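Okay, so here's the structure we're looking at.
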Amino acid sequence: MTYKKRLALISSELTRNNNGRIFRSLQKLANQKGVALIVYEGRTLGAKQYAQAQRNFVYQFPQKGMIDFLVATSAAVPRAYPRDKFEALFLDKLDCPTVVYYNERPGCHSVQIDSASASAEMVKHLIEKHQYSRFAVLKGPETEPEAQKRAAATLNTLAAYGLAKNTLVEQADWSADGAIRFIKKVIVESRNIEAIIFPNDETAIAALDYINHFAQDKIGKYAVVGFDNALNARLINPQLTTAEHPHEAMAEYVVDTLLNNAAMPKFKLFPAPIKYRQSCGCNNQFQPAGTDNRLFTQEFNIYENVQAFDYQDYFVKLTTALVNRGIRGCFISLYQNEPFQLQEDTQLPQNAKLVYAFDAGKRVALEEGNIFPTRDLIPKTLFKLDDYACLVVNNLYFADRHFGFVVFDLSVGRVQDAQDICANIASTLNTVQIFNNFENAVDRNQHLLKRLTERNEQLSHYNQTLKELSNLDEMTGLLNRRGLHESFNNLQKESGSNEFTIFYADLDDLKQINDKLSHAKGDEAICLAAECLTSLFRKSDVIARVGGDEFIVCTAMNQTQAKQVANRLESRLFKINQQEKLDFKLGISIGFYTFKQHKLVNIEHAITEADKALYLEKRAKKSLPPTD
Ligand SMILES: Nc1nc2c(ncn2[C@@H]2O[C@H](COP(=O)(O)OP(=O)(O)OP(=O)(O)O)[C@@H](O)[C@H]2O)c(=O)[nH]1
């Protein structure tokens, strides 16, 4: 079956009070007429409580073109919610026929129940059938016309029987908090109260639940009545006497009105018959305390494991949970934006990405991509919205991180289960995302660390090269003076010798070569001298060019060996000059100084001594007498 038209229901928590019955009755009637129901499940608009405000972001979802009709209940849109805000959020934006339950709003149809007659009848029943004369009355919120009608009719009827004076009256709201404060007061003040009239079932049930668990000596002492015939009215002990909303008839009227798109807003009042159960004193068989009737609709528990740290693991477990609970469909989408915090004017993110799909009772494998306009709820390319009779939309958030939404197909399946699973999806996906962010950060750090280590290694390699370069003479590739000192220290440590010789060598007549031939030839002579010295000494000896044409060699040699080397130099030079066919005569003078290691004051002293010897050698070569 296809559902061409869509009815949006703006509702607060579907498992509470009247909401579930409005939901199911509208679903049934709408579906019969080929209209799909899409429920946007939030809380009470305008509520200050944190969780309610976060939930209400779901009311941003209904968009023009997506839905054809709108229904808003007073639990979701109370009378106190300002007209301009209501119009901006729904009416102006959606521009479609709208019905409000239990309220009247300009431009909307309205369905209400005749709560005044029902309240009066309830009081009459308590007085005439049960002969109670001492009453306590809790009034609903002053801002709600529905609450005022109930309270006024109750108090007027009590007054008509002359019982108003003895009645304890308190003002509260529709919530359990107010009810518990009130029942405590009734118990403490005693006043022999016989019957308590609550403004709705939620407050009546909260009071009975309080008595059952915290004031067991008062079980059965008070007759209690509520209003609404909420889902829990039959589950509380004793079962609650209450006024019924004729939901089927109301839903039929609502759907007809919307489909026929009546031109003028209409107001319709429905009678609210009383459901006489045990709590007023009828059918007076109280079940013994402690039978632990479970409140709400959860009649059995399924303890599947739906906890995980990554998406894939989680989606497998979620599928099992959905199958176990018989939910027909579940579609999870994450906003394309980063998670955000709600501000006053936060708009629905434009796009979302479908990350999980469970359709017609089975998980659907998804390809990559699946980004779609958020307002569509599910991607048109994969699923046809017209195929779904009943969808429930919940936003996904955790603390103040809003990150996506889930759409349940509840044409089959219980609302309570969908709510359980929705809470699980929100908290688990939040954990998965935070865990992923954390892991990514760790990965990023590790990657950075690796790159940093590589860079460091590269850098220390460059440093080493630089250091080596800074120790070398560029022209000859020999050590320079700085390199000489460092290498000589190593030589001393590594040679194992305690006798060393420092040679000081100097080219002969370089100036002449420069002047007569060229500076380039002078360079050639220097390089040739370097080669000559390198070939003359051992690899382990330290050879350095320390000035223009001056060289120092440090070796682990005694004086005899040093003399032999000095002699060998002469023959080496002779050979070079013969073989190389040079434009100049290569001549090297050399002086040396040998010392025992322990006698060495420092290398500079040894160099000076070698230099002196060189000087003498030079003078001798030039046949000049030495000067002092
Ligand atoms: N081509 C060249 N010449 C240099 C270099 N460094 C220094 N000189 C020159 O080499 C000459 C060295 O002079 P000395 O060592 O005093 O004199 P010499 O001509 O070698 O004579 P003796 O040492 O007395 O034999 C100077 O003229 C410097 O300008 C160099 O790197 N290349």
Side-chain angles (χ1 to χ4, degrees), residues 465-488 501-537 539 541-555 557 559 562-595 602-628:
T465 312
L466 264 176
K467 192 170 169 210
E468 280 168 17
L469 284 177
S470 72
N471 282 345
L472 294 182
D473 169 49
E474 212 178 328
M475 192 198 296
T476 61
L478 295 177
L479 294 169
N480 58 22
R481 189 176 279 276
R482 186 181 316 124
L484 168 78
H485 283 269
E486 209 174 291
S487 302
F488 179 63
T501 295
I502 303 287
F503 290 90
Y504 210 120
D506 183 294
L507 255 78
D508 294 338
D509 301 324
L510 179 61
K511 189 170 182 324
Q512 274 188 39
I513 301 172
N514 276 341
D515 294 350
K516 289 193 179 152
L517 299 170
S518 68
H519 207 263
K521 284 286 170 192
D523 284 357
E524 199 182 314
I526 292 170
C527 291
L528 218 52
E531 278 172 34
C532 173
L533 290 172
T534 308
S535 68
L536 195 65
F537 289 94
K539 262 213 167 100
D541 294 338
V542 175
I543 309 175
R545 178 178 175 227
V546 293
D549 62 347
E550 294 172 16
F551 300 86
I552 290 176
V553 184
C554 307
T555 70
M557 277 182 194
Q559 199 159 22
K563 268 183 194 154
Q564 286 167 358
V565 171
N567 290 338
R568 269 213 309 277
L569 174 63
E570 283 311 315
S571 52
R572 186 64 51 91
L573 285 170
F574 181 74
K575 225 188 228 170
I576 292 172
N577 283 316
Q578 261 195 341
Q579 285 176 358
E580 302 283 334
K581 295 189 180 125
L582 300 170
D583 307 331
F584 52 84
K585 181 169 177 270
L586 182 67
I588 302 174
S589 300
I590 199 161
F592 63 87
Y593 175 72
T594 305
F595 57 95
N602 63 35
I603 189 176
E604 291 302 335
H605 169 74
I607 290 171
T608 308
E609 291 304 314
D611 193 17
K612 279 182 191 165
L614 168 66
Y615 171 74
L616 291 176
E617 170 72 9
K618 280 258 178 200
R619 303 287 297 178
K621 262 192 184 172
K622 293 183 183 174
S623 309
L624 292 171
T627 55
D628 287 333

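Keep in mind the model is a prediction, meaning the values are calculated, not measured. As the structure lists them, so they are numbered: ligands from 1, and atoms in each ligand from 1.
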Compare every heavy atom of [Y] with every heavy atom of [X], then report the nearest pair and how far apart it is.
X: I588; Y: L573; value: N-CD1, 3.5 Å
X: R482; Y: S470; value: NH1-O, 2.7 Å
X: A566; Y: I590; value: CB-CG2, 4.1 Å

Is S487 reaching over with its side chain to a backbone N or O of L484, donor-acceptor style, under 3.5 angstrom?
->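 Side chain of S487 to backbone of L484, a donor-acceptor pair under 3.5 Å: no, none is there.
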Looking only at atom types and distance, does a side-chain atom of D509 sit under 3.5 Å from a main-chain N or O of Q512, one as donor and one as acceptor?
->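 No, D509 side chain to Q512 backbone: no donor-acceptor pair under 3.5 Å.
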Any luck finding a side-chain donor-acceptor pair between S589 and D508 under 3.5 Å?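 Yes, a side-chain donor-acceptor pair sits under 3.5 Å.
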### Task
Non-hydrogen atoms closer than 4.0 Å to ligand 1: which protein residues do they belong to? List them by chain and number, please.
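The answer is M475, D506, L507, D508, D509, L510, K511, N514, H519, G522, D523, I526, R545, G548, D549, K618, K622, counting any residue whose heavy atom sits under 4.0 Å from ligand 1.
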